[in-house]
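Note on naming: letters A, B, ... go to the chains in the order of the sequence lines (proteins, then strands), and numbering restarts at 1 for each one.
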Protein chains: 2
Amino acid sequence: MELTKTHLDDAICPVARTAEIISGKWTLLIIRDLTSGVKRFNQLERSLCGISPKTLSERLRSLEEEGVLLRRTFAEVPPRVEYSLTEKGRDLVGVIESMRSYGKRWLCDDQTNQK
Amino acid sequence: MELTKTHLDDAICPVARTAEIISGKWTLLIIRDLTSGVKRFNQLERSLCGISPKTLSERLRSLEEEGVLLRRTFAEVPPRVEYSLTEKGRDLVGVIESMRSYGKRWLCDDQTNQK
DNA sequence: CGGCATCCCTAGCGATACTG
DNA sequence: CAGTATCGCTAGGGATGCCG
């Protein structure tokens, strides 16, 4: 999902810019998992049930490049790599919480609120 | 709130459910444009600079099916169709605003000419 | 353990032309 | 005006295998 130059208005729109960062099937779920603390690759792979290592690797790398999370490697055997949110990443919790709030109001099994 | 495995299930996690709704390149931008009031197909096509009629049509239809927006047709010549947000759609403004807020904090170098 | 490399496949999007 | 009908592309993602 990429905005081209023809979408100039949208390119400078903060909403669209944020959407770019959190788009992608797994991105938000990774960030949410990291809100509870530092995680290793394997932990994320297991908690994000069904994700392929390639996809997880790609998402982690792009999030690292965007400064949302921090990748910390340890020179050990077996190797250890820990992922944690940066301040820029932790700040996304606000977005996530508003999405959670919305999801609870409108999208859960309880249909009484749905119209 | 603690994040357990159940929260990662797409069927249960409100965050994932919300992400499903607002995913797609244009979805959020359509909703954003509708927050300012009722819009016609042509208006959206022009304000969403670069969108193809096919894509706009698809997005509008799926958003209608999800109950986020309302499609109202008028038996006139030339035909008129008006799109507006439902309550479920207007409620997404909270998510959009938190995204806008985040985008302004972290993602915009130039804050002078933003939407 | 934490990944790349490789191959493949599909949803989503774009462009254009056409129609009720 | 408000869409469909085609066609084609490609980025994202899944599956599997291998390696330091």
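Not one side-chain nitrogen or oxygen of B/Arg40 sits closer than 4.0 Å to the OP1 or OP2 atom of D/dC1. Residue B/Thr55 has a polar side-chain atom (N or O) positioned under 4.0 Å from OP1 or OP2 of C/dG14. Between B/Ser57 and D/dT4, a side-chain N or O to OP1/OP2 separation shorter than 4.0 Å is present.
Side chains of B/Arg105 and B/Ser101: a donor-acceptor N/O pair is present below 3.5 angstrom, by distance only.
With hydrogens and angles ignored, a donor-acceptor pair closer than 3.5 Å exists between the side chain of A/Lys54 and the base of D/dG13. A donor and an acceptor atom never sit less than 3.5 Å apart when one is taken from the side chain of B/Lys25 and the other from the base of C/dG12.
Whole-Å rounding puts the B/Leu60 CG to D/dA2 C1' distance at 11 Å. The CD atom of B/Gln43 sits 13 Å away from the P atom of D/dG3 (whole-angstrom rounding). When rounded to the nearest whole Å, the span between CD1 of A/Ile30 and C1' of D/dG12 equals 13 Å. Look at CZ on B/Arg59: it is 14 Å from P on D/dT4, rounded to the nearest Å. Taking atom CG of B/Leu48 as the reference point, atom P of C/dA15 lies 14 Å away to the nearest angstrom. Going from atom NZ of A/Lys39 over to atom C1' of C/dG3 covers 19 Å, rounded to whole Å. Rounded to whole Å, the distance from CG on A/Leu56 to P on D/dA15 is 14 Å. A straight line from CZ of A/Arg61 to P of D/dA11 spans 19 Å, rounded to a whole angstrom.
Residues A/Met99 and B/Val15 come closest through the heavy atom pair CE-O, 3.6 Å. In terms of heavy-atom proximity, B/Leu85 sits nearest to B/Ile31 at CD1-O, 4.0 Å.
Residues from residues 70-85 of chain B lying near DNA chain D, meaning a heavy-atom separation below 4.0 Å, are B/Arg71, B/Pro78, B/Pro79, B/Arg80, B/Val81, B/Tyr83 in numerical order.
Where B/Glu58 and B/Pro53 meet DNA chain C, the nucleotide closest to each residue was compared, and B/Glu58 sits on the side nearer the 5' end.
For A/Asp33 and A/Lys39, the salt-bridge test fails: no basic side-chain N is under 4.0 Å from an acidic carboxylate O. Salt bridge A/Arg100/A/Glu97: present, at least one basic N to carboxylate O contact under 4.0 Å.
Distance check: A/Leu107 CG to B/Glu66 CD gives 8.5 Å after rounding to the nearest 0.5 Å.
Residues meeting the salt bridge (Lys or Arg N to Asp or Glu O under 4.0 Å) test with B/Arg40, sequence neighbours left out: none.
Counting only heavy atoms from C-beta on, B/Ile51 has its side chain closest to C/dG14 among C/dC1, C/dG3, C/dG14. Distances from the side chain of A/Asn42 to the nucleotides C/dC13, C/dG2, D/dA15 place C/dG2 closest. You'll find that the side chain of B/Phe41 is closest to D/dA2, out of D/dA2, D/dG13, C/dG3.
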